[in-house]
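Below is one structure, written out as structure tokens; comments come after it.
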Amino acid sequence: MPLYENQELKIYNSLTGTKEIFKPINEGHIGMYVCGPTVYSNVHLGNCRTFMSFDMIFRYLKHLGYKVRYVRNITDAGHLVDDAEDGEDKIAKKARLEKLEPMEVVQRYTLDFHNILEKFNFLPPSIEPTATGHIIEQIEIIKDILSKGYAYEANGSVYFDVAAFNETNDYGKLSGRKLEDMIANTRELTAQDEKKNPQDFALWKKAEPQHIMRWPSPWGDGFPGWHLECTAMSTKYLGETFDIHGGGMDLKFPHHECEIAQAEASYGQSPVNYWMHANMLTMNGKKMAKSTGNNILPGEIFTGENKILSKAFAPSVVRFFMMQAHYTSILDLSDDALLASEKGFNRLMEAFATLQSLTPAGSNSDFDVTNWKASCYEAMNDDFNTPILIAHIFEAVKHINLIKEGKEQISEVDKTQLEETLHAFIFDILGLQQNTGNSKDTEKLSGVVELLIELRKDARVNKDFATSDRIRDQLAELGIQLKDGKEGTTFSIQ
RNA sequence: GGCAUCGUGGCCGAGUGGCUAGGCACAGCUCUGCAAAAGCUUGUACAGCGGUUCGAAUCCGCUCGAUGCCUCCA
């Protein structure tokens, strides 16, 4: 029996603004679409947080036994640089600046994206479709929306008619906006003659002669509008209505609002049952932006080559840091916060290693593992509450250390259950990884340190504390910490 | 200017109308040759001002502040 049958998962649905019990359309199967990156520059750290949240969600859904088709697109057609002025494609512009072919830019930053996600230990999505690979599907949707009267052609471009749509549907229901308010707040856009109304958005945009990325269409050469690719690809791979659609909070309006409008206009039904939005990442209390310099690339955190943080941090430490906050909360990145997370992360990893070497005893345990396990699931079932889960995990850490000290005991059965559960939550669901260096070198190093530990032990027996302290202190300077315990000395490498 | 989310102890960050989040830091204790590690103990915080309530940090209103969106932006 799959796990999900005994678990009641609740998800905060942005569309309704409430936490709802999750029920997939087809029992045991879940379709999930997440808006992926625009590959015209290095992947943004905040973007990584969004994808990491959905990676965790993907992992948990799978853990529960669901068959999940997870689609995360690559936006390689680019968005318009400035719709009102020149209609230039963002990727095409970047290409000209760097004197590259557009697809060369796309390739470079797609590789960067995959490289960073791999370091963060992301699971690959089931399908990673590209916008340029689905031009035909997008054109078909435009034709369909035109035929239903929710769009109009103007000078080689096609625009979605928001006003017409709003007469039969509710434009703005996701972001809590009302069309009349939007109209009232819009400034005069004189250069905007092609559109009937400023709220209208492009489904197809005519390509100017200098525009490099272009495809033929019934309306002439051009390229698809900003929001259409997600509608085309989510529909193609997940159906006209699917379970979960995710993305960053910043995409809620207009992007996701437009997706709903396109799908409803074309298919006559609401495309998504559960809308999920991951919140923003700030740094030192301010929004991250290249323009203000308040920005850091993921790779710069891993190498420590930056002016913001005091040292390098491993991808798993960053991941642990992000998992300590709920995905719907704004999270603030700072040196102090990462330093604190790193210590907590190391303590957790050491406790897990300790657990494996623990000797079970007796038939009773001082730690109610079954109950504890249930509360871990309870935390995750409550809208993927990873910070609460981590709080529970540290409860287990406390008990592991107490058992190690001989102050508590654990039965064989409970030890096995604890180990399995911790493994599932720490590695499978949170996606954390043990920091492992080059294994061959690590082995050699371990041998050397073990030898020094032996020598120090002898010195201590002989009360030669000058020598024993010298070994301990010099190793500490190298970042190797010796830890004296009841069962002997262990060590950890920073 | 409009819409939205939020404002928690030294720092990060959960949470509920009345009962311990957790991590990090700090202090005391246990352990130790001394330390470190580990464990134990302690912190009565919830932006401000009103209101609802027997009772609110948790509900409502206002003020201030932050962040996001309103224009490409994760």
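Chain A is the first sequence line, chain B the second, and so forth, proteins listed ahead of strands; every chain is numbered from 1. In this text, all values refer to a predicted model and were calculated from it rather than measured experimentally.
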Between A/Phe313 and A/Lys311, is there a cation-pi geometry (under 6.0 Å to ring centre, at most 45° from the normal)? yes

Can you see if the side chain of A/Asn385 gets near the phosphate of B/A14 - specifically, an N or O under 4.0 Å from OP1 or OP2? no

Paired with B/U16 by Watson-Crick or G-U wobble geometry, both distances under 3.5 Å: which nucleotide is it? none

Report yes if at least one side-chain N or O of A/Lys343 is closer than 4.0 Å to OP1 or OP2 of B/A25; otherwise report no. yes

Can you check the distance between B/A56 and B/G2, where both ends of the measurement are the C1' atom (answer in whole Å)? 31 Å

Give me the distance, rounded to whole Å, that separates B/G15 from B/C40 when you measure between the P atoms they each carry. 25 Å

Relative to each other, are the rings of A/Phe384 and A/Tyr60 parallel, tilted or perpendicular (30° and 60° limits)? perpendicular

Any N or O donor-acceptor pair linking the side chain of A/Arg472 to the base of B/A35 at under 3.5 Å? yes

Give a yes/no answer on whether the side chain of A/Ser329 brings an N or O atom under 4.0 Å of OP1 or OP2 in B/A14. yes

B/U53 and B/C12: how far apart are their C1' atoms, nearest whole angstrom? 34 Å

Would you mind checking if A/Arg319 and A/Asp55 are paired as a salt bridge, meaning a charged N to carboxylate O distance below 4.0 Å? yes

Residue A/Pro387, side-chain heavy atoms: nucleotide from B/G23, B/A21, B/C69 that is nearest: B/A21

Counting only side-chain nitrogens and oxygens, does A/Arg470 get under 4.0 Å of the OP1 or OP2 atom of B/A35? no

Who does B/A25 pair with, Watson-Crick or G-U, both distances under 3.5 Å? none

What's the gap between B/U58 and B/G39 when it is taken at their P atoms, as a whole Å value? 35 Å

Does A/Arg460 place a side-chain N or O at less than 4.0 Å from the phosphate oxygens OP1/OP2 of B/U32? no

Rounding to the closest angstrom, what is the interatomic distance between B/A57 and B/G18 at atom P? 11 Å

Base-pairing assignment for B/A45 (Watson-Crick or G-U wobble, both under 3.5 Å): none

Using the P atoms only, state how far B/G17 lies from B/A21, rounded to an integer number of Å. 15 Å

Rounded interatomic separation in angstrom, taking NZ from A/Lys398 and P from B/A38: 14 Å

If you check every side-chain atom of A/Glu405, which of B/A21, B/A74, B/A38 has the closest atom? B/A38

Side chains of A/His256 and A/His245, heavy atoms from C-beta outward: is any pair under 4.5 Å? yes

By nearest atom, which of the nucleotides B/A36, B/G33, B/U67 is closest to the A/Arg456 side chain? B/G33

Would you indicate what A/Gly46 reaches in the nucleic acid, counting non-hydrogen atoms under 4.0 angstrom: base, sugar-phosphate, or nothing? base

Nearest to the side chain of A/Arg177, heavy atoms from C-beta on, is which of B/U67, B/C40, B/G2? B/G2

Return the nearest nucleotide to the side chain of A/Phe253; candidates are B/U67, B/A21, B/C69. B/C69

Between atom CG in A/Asn346 and atom P in B/G23, what is the gap in whole Å? 15 Å

Using purine N1 to pyrimidine N3 plus N6-O4 or O6-N4 for Watson-Crick, or N1-O2 and O6-N3 for G-U wobble, both under 3.5 Å, which nucleotide pairs with B/U67? B/A4

Taking the side chain of A/Ser468 as heavy atoms from C-beta outward, which of B/G33, B/A38, B/A21 is closest to it? B/G33

A/Phe394 vs A/Met249, nearer the 5' end of RNA chain B by closest nucleotide: A/Phe394

C1' atom, B/A45 versus B/A37: distance in rounded Å? 30 Å

Salt bridge check, A/Asp382 against A/Lys19: does any charged N sit closer than 4.0 Å to a carboxylate O? yes

Which nucleotide in B/A74, B/A35, B/G39 has an atom nearest any side-chain atom of A/Leu402: B/G39

Would you please confirm or rule out a distance under 4.0 Å between OP1 or OP2 of B/A74 and any side-chain N or O of A/Tyr40? yes

Considering Watson-Crick and G-U wobble pairs with both distances under 3.5 Å, what does B/U52 pair with? none

Among A/Asp469, A/Asp464, A/Asp484, which residue meets the salt bridge (Lys or Arg N to Asp or Glu O under 4.0 Å) test with A/Arg456? A/Asp484

Nearest listed nucleotide, side chain of A/Gln481, among B/G39, B/G68, B/A37: B/A37

Return whichever of A/Ala337 or A/His44 has its heavy-atom-nearest nucleotide of RNA chain B closer to the 5' end. A/Ala337

Out of B/G13, B/G39, B/U67, whichever nucleotide has its closest atom nearest the side chain of A/Leu331: B/G13

Donor-acceptor pair under 3.5 Å: do we get one between A/Asp332's side chain and the base of B/G13? no

Quick test of your reading of the model: are A/Glu257 and A/Arg177 salt-bridged, counting only N-O distances below 4.0 Å? no

